[in-house]
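In this chain, numbering begins with 1 at the start of the sequence shown. Please read all numbers here as calculations on a predicted model, not as lab measurements.
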Amino acid sequence: MVFNRVLDAIGVGAPDVRTTLSTPVTRPGETLRGRVTLVGGSRPAEVGGVTLSLVLSTAAGIGRPAGAGEGPIPFADAVVSGPLRLAAREERELPFSFPVPWAAPFTTIGGQRLANPAVGLRTLMALDGRRRRHSVDAVDIDPLPVQQRVLEAALALGFTFKDADPTMGRFEAEQDLPFRQEVAFHAAPRYADRCGEVALSFRSTPNATHVSVRVGPRGETFGLGPGLGVDTGTRLDHTDLNKDLAGTVDTWIRRAVEEYAARTPHGGSSYDAMRPSPWVNTGGEAGSRAGARGGGSGLGGMVGGMATGAAAGFLGGMLAEEVFGGDDD
């Protein structure tokens with residue numbers, strides 16, 4: 001008995017869990033579907049429950065919400081099973097449907113994975129009074145169609161992509177998650193004498209996507225705090241796909257730049273030559289999915305550079321649990 005407890009303590013002969021996704025590519029507001037397979041160990045076990053979490057992993061240095069601690073940030077949970085008894089060597093499949101929050105960050109653009117952020121589906125199993133972390137499966141989240149149209153409009157206006165790190169913190173009373181998606185661009189040449197960078201942030205609900213425009217000098221972090229820029233914007237219904245979004249986005253940005261320039265007489269720094277885009281082209285089936293949803297867009301043509309930060313583990317061939325954290329007794 002003592003020897004069995006020692007083996008249990010180090011995980012030898014303990015039950016295992018595998019998660020299989022039938023929808024590894026999704027969008028905000030859609031549903032992840034799949035199954036969790038429990039595999040019994042060398043002896044019967046009491047499983048306290050199985051839960052799933054969508055977790056966000058970002059580049060080092062990104063701000064974190066209060067109480068988030070270290071490591072990936074969980075932002076949505078689903079219960080797959082309550083307590084159950086698992087016989088030795090038994091295999092039991094537990095199907096699941098996991099609604100993706102409307103405000104979930106997108107991790108791909110134009111069928112290509114972004115350098116940051118990365119999202120994974122983490123399986124947690126309560127076993128003998130302990131919570132064990134198991135392998136995390138990568139989840140690709142495409143932008144909503146209206147989000148993609150806004151990004152295409154920014155590129156058409158001459159802005160060049162910088163990064164897409166989430167901005168941590170709560171900005172609005174209706175915000176459900178502790179962050180919002182933000183995509184930063186180097187200023188288009190016609191605005192470069194008045195600002196250095198422009199960021200478009202997104203907060204989506206079942207009916208609309210709220211877009212904010214933040215303007216600041218080149219090199220600033222678009223974080224929370226005074227003097228980091230001007231925040232303007234409006235909302236778009238999910239059905240606003242036939243509108244002249246280039247004109248709409250240009251109006252938002254022009255208004256924000258004019259307000260920013262009025263507050264900062266010297267404006268931003270001068271325009272640099274176009275920098276290599278940090279969007280990641282990994283090639284192959286995992287990284288290139290431009291045709292997965294009925295064809296790609298011009299966004300995919302902007303992809304280049306090397307993977308960095310949270311997504312580097314996926315794109316470098318590492319296991320997902322090495323990016324998000326492995327087993328954790």
Side-chain angles (χ1 to χ4, degrees), residues 59 105-117 142-167 180-204 209-223 228-236 240-241 243-264 266-281 296-305 308:
F106 51 80
T107 63
T108 68
I109 297 180
Q112 308 294 337
R113 280 184 177 142
L114 295 169
N116 282 297
D142 289 341
L144 292 165
V146 72
Q147 292 175 332
Q148 182 150 321
R149 287 288 310 280
V150 169
L151 297 174
E152 289 171 345
L155 294 178
L157 292 169
F159 294 87
T160 56
F161 182 84
K162 179 191 174 188
D163 57 53
D165 291 318
T167 296
R180 65 179 176 181
Q181 181 89 52
E182 187 162 79
V183 182
F185 295 86
H186 299 296
R190 58 177 161 158
Y191 292 119
D193 60 333
R194 288 170 287 172
C195 69
E197 296 175 4
V198 170
L200 302 175
S201 62
F202 301 90
R203 181 182 64 82
S204 296
T209 289
H210 299 257
V211 184
S212 294
V213 182
R214 291 167 63 79
V215 178
R218 186 175 301 282
E220 281 284 10
T221 299
F222 286 106
L228 292 182
V230 175
D231 196 343
T232 66
T234 186
R235 58 168 273 167
L236 292 170
D240 287 344
L241 299 178
K243 288 186 175 181
D244 175 19
L245 290 189
T248 300
V249 173
D250 190 35
T251 298
W252 296 343
I253 293 176
R254 184 173 65 252
R255 186 174 66 219
V257 169
E258 289 173 352
E259 185 177 347
Y260 175 74
R263 294 186 186 180
T264 54
H266 298 291
S269 57
S270 61
Y271 178 73
D272 293 340
M274 182 185 298
R275 301 184 184 185
S277 167
W279 296 358
V280 179
N281 184 356
S297 69
L299 292 170
M302 297 294 293
V303 178
T308 59

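Between Tyr191 and Ile253 there is a side-chain heavy-atom pair separated by less than 4.5 Å. At a threshold of 4.5 Å between non-hydrogen side-chain atoms, the residues Leu144 and Phe106 do not count as touching. Side-chain atoms of Val183 and Phe202, non-hydrogen and from C-beta on, do get closer than 4.5 Å to each other. Within the 4.5 Å cutoff, no side-chain heavy atoms of Val213 are placed close to those of Arg255. Taking the side chain as every heavy atom from C-beta outward, Leu114 and Thr108 never approach each other to under 4.5 Å.
Taking OG1 of Thr107 as the start and CG of Asp142 as the end, the distance is 7.5 Å to the nearest 0.5 Å. Atom CD of Gln148 is separated from atom CG of Leu241 by 10.5 Å, given to the nearest 0.5 angstrom. Leu245 CG to Trp252 CH2: the interatomic distance, rounded to the nearest 0.5 Å, is 7.0 Å. Atom CZ of Arg203 is separated from atom NE2 of His210 by 4.5 Å, given to the nearest 0.5 angstrom.
Nearest heavy atoms, Ala164 versus Pro117: O-CD, 3.3 Å. The shortest non-hydrogen separation linking Ala187 to Cys195 is CB-O, 3.8 Å. Nearest heavy atom pair, residue Ala256 against residue Val215, reads CB-CG2, 3.6 Å. Here the closest non-hydrogen pair linking Gln181 and Pro105 is OE1-CA, 2.7 Å. Between Phe161 and Asp163, the shortest heavy-atom distance links the atoms CZ-C, 3.6 Å.
Under the rule for a side-chain hydrogen bond (donor to acceptor under 3.5 Å, both in side chains), the partners of Gln147 that lie at least two apart in sequence or sit in another chain are Ser204.
Between the Glu182 side chain and the Ala199 main chain, no donor and acceptor come within less than 3.5 Å of each other. Using modelled atom types, one side-chain atom of Arg149 and one backbone atom of Lys243 make a donor-acceptor pair closer than 3.5 Å. Counting only distance, with no hydrogens or angles, the side chain of Asp244 and the backbone of Gly247 share a donor-acceptor pair below 3.5 Å.
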